[in-house]
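Accompanying notes for the structure given below.
Being a predicted model, the structure only gives us computed values, none of them experimental. Just so you know, ligand 1 is whichever comes first in the structure, and atom 1 is the first atom listed for that ligand.
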Amino acid sequence: MLQIVIPAYNEERRLPRTLRELRRHVTSHRGVLGRVEVLVVDNASTDRTAEVARAADSTALPVRVVRCARRGKGAAVRAGLLATDADLVCFMDADGATGLDAIEAAWREVLMGADVVIGSRAVAGSRTEARHCRTRSLGAAAYRRLAGRLVPGIADTQCGFKVFRGSLARLAARRLETAGFSFDVELLVRLRGLGAEVHEIPVTWTDVPGSTFVPSRHGAAAFAELARIAWRCRAVERPEPVAAPAVLLAGSRA
Ligand SMILES: Nc1nc2c(ncn2[C@@H]2O[C@H](COP(=O)(O)OP(=O)(O)O)[C@@H](O)[C@H]2O)c(=O)[nH]1
Ligand SMILES: [Mg+2]
């Protein structure tokens, strides 16, 4: 079974279409994907996010709402991952910005032994169909440089599509402390600390209007979080002594 975590804050407008497209996609790829379930994580949305999520629940694509007391995308993804119990889990943004073909592409990588497969808008083969405003693009470039020092070799830490072996994701999520938008970086540092290899796959990415990331409001906080992650994870460069049980990593690529 594949469980898909969708963090959602005030997403009554964007979430219904994403869940509809996901249901269509899962139905037409049932033979490959098997059973799929969605966990929408809502923390104190002031709109009808939880209602639209529940309304999308169906036999073809079961949708559950998970409540998270702590605010922030990182806190929501953590709560969602910890609520999973499947062998394969993933998270994706509520706006459906990442083309859903990435699910099968990631699935293939996992079948070949990958532990962690992340969508990337910065590797060959990716297609980015719209770009952010200039201020955000400049900020993003600076952010990428700094994030790259914490997770060397990963070109795009921030794409909202990541797939994991379930037990590994739950182990890393338990240690995750970053509640805001930089949580991806900490999650990747911790996954590597657990001995996981991270594979980037190209995605088709469309900028969907209505982003919850407001550069003037969240930009500085995201950089400050990076500094805290660097400090907090300074000892997590190598696999930690309490590494993932060998069985988790069995099948990893050498
Ligand atoms: N539950 C929850 N989800 C959040 C929060 N902040 C952002 N998100 C979700 O995180 C995802 C971020 O995607 P988006 O807003 O499109 O940002 P962008 O793609 O980085 O511009 C969306 O699914 C948001 O609803 C939060 O505080 N709580
Ligand atoms: Mg988006």
For the 3.5 Å polar cut-off, considering only N or O atoms, please tell me whether [X] and ligand 1 meet it.
X	value
G210	no
I6	no
D42	no
D93	yes

Quiz item: Restricting to N, O or S atoms of D95, which is nearest to the Mg ion (ligand 2)?
Solution: OD2
Atoms in ligand 1 flagged as close to [X], the criterion being non-hydrogen separation under 4.0 Å:
X	value
E11	22 (C), 23 (O), 24 (C), 25 (O)
F181	6 (N), 7 (C)
V41	1 (N)
A76	1 (N), 2 (C)
A94	22 (C), 23 (O)

Considering only non-hydrogen protein atoms, determine which one is nearest to [atom] and report residue, atom name and distance to 0.1 Å.
atom	result
atom 7 (C) of ligand 1	T212 OG1, 3.2 Å
atom 10 (O) of ligand 1	K73 CD, 3.2 Å
atom 9 (C) of ligand 1	P7 O, 3.5 Å
atom 16 (O) of ligand 1	D95 OD2, 2.8 Å
atom 3 (N) of ligand 1	A8 N, 3.3 Å
atom 17 (O) of ligand 1	S211 OG, 3.3 Å
atom 5 (C) of ligand 1	Y9 CB, 3.4 Å
atom 2 (C) of ligand 1	N43 OD1, 3.1 Å

Using atom types as modelled and distance alone, determine if a side-chain donor or acceptor of [X] lies under 3.5 Å from a backbone N or O of [Y].
X	Y	answer
E12	S45	no
E225	G180	yes
H199	A114	no
R70	A179	no

Quiz prompt | Verify same cluster id: V5, F164 (apolar side-chain graph, 4.5 Å) | solution = yes
Assess [X] for proximity to ligand 1: is some non-hydrogen atom of it under 4.0 Å away?
X	value
G72	yes
R14	yes
R136	yes

Practice problem: State plainly whether the residues R108 and E104 are in salt-bridge range, i.e. N to O under 4.0 Å. | Solution: no
Quiz item: Do NZ/NE/NH1/NH2 and the carboxylate oxygens of D87 and R165 come within less than 4.0 Å?
Solution: no
Practice problem: Report the C-alpha distance between Y143 and S182 in whole Å, list the side-chain angles of each, state the deciding distance to 0.1 Å, and finish with yes or no for side-chain hydrogen bond (donor to acceptor under 3.5 Å, both in side chains). | Solution: CA-CA 10 Å; Y143 185 94; S182 292; 2.6 Å; yes
Exercise. Fit a plane to each ring of F183 and F91, take the angle between them on a 0 to 90° scale, and name the class: parallel (under 30°), tilted (30 to 60°) or perpendicular (over 60°).
Key: tilted
Self-check item: Geometric class of the F213/H218 ring pair [parallel <30°, tilted 30-60°, perpendicular >60°]
Solution: tilted
Quiz prompt | Option from L81, I6, V77, V66 for which side chain to side chain contact (heavy atoms under 4.5 Å, CB included) with V41 holds | solution = V66
Exercise. Tell me, yes or no, whether the heavy-atom count around R30 atom CZ, taken from other residues, nucleotides or ligands under 6.0 Å, exceeds 12.
Key: yes
Exercise. Confirm or rule out an N/O/S atom of D207, from backbone or side chain, lying less than 2.8 Å from the Mg ion (ligand 2).
Key: no
Self-check item: Passing candidate, salt bridge (charged side-chain N to carboxylate O under 4.0 Å, His left out) with R14, options D93, D47, D95
Solution: D95
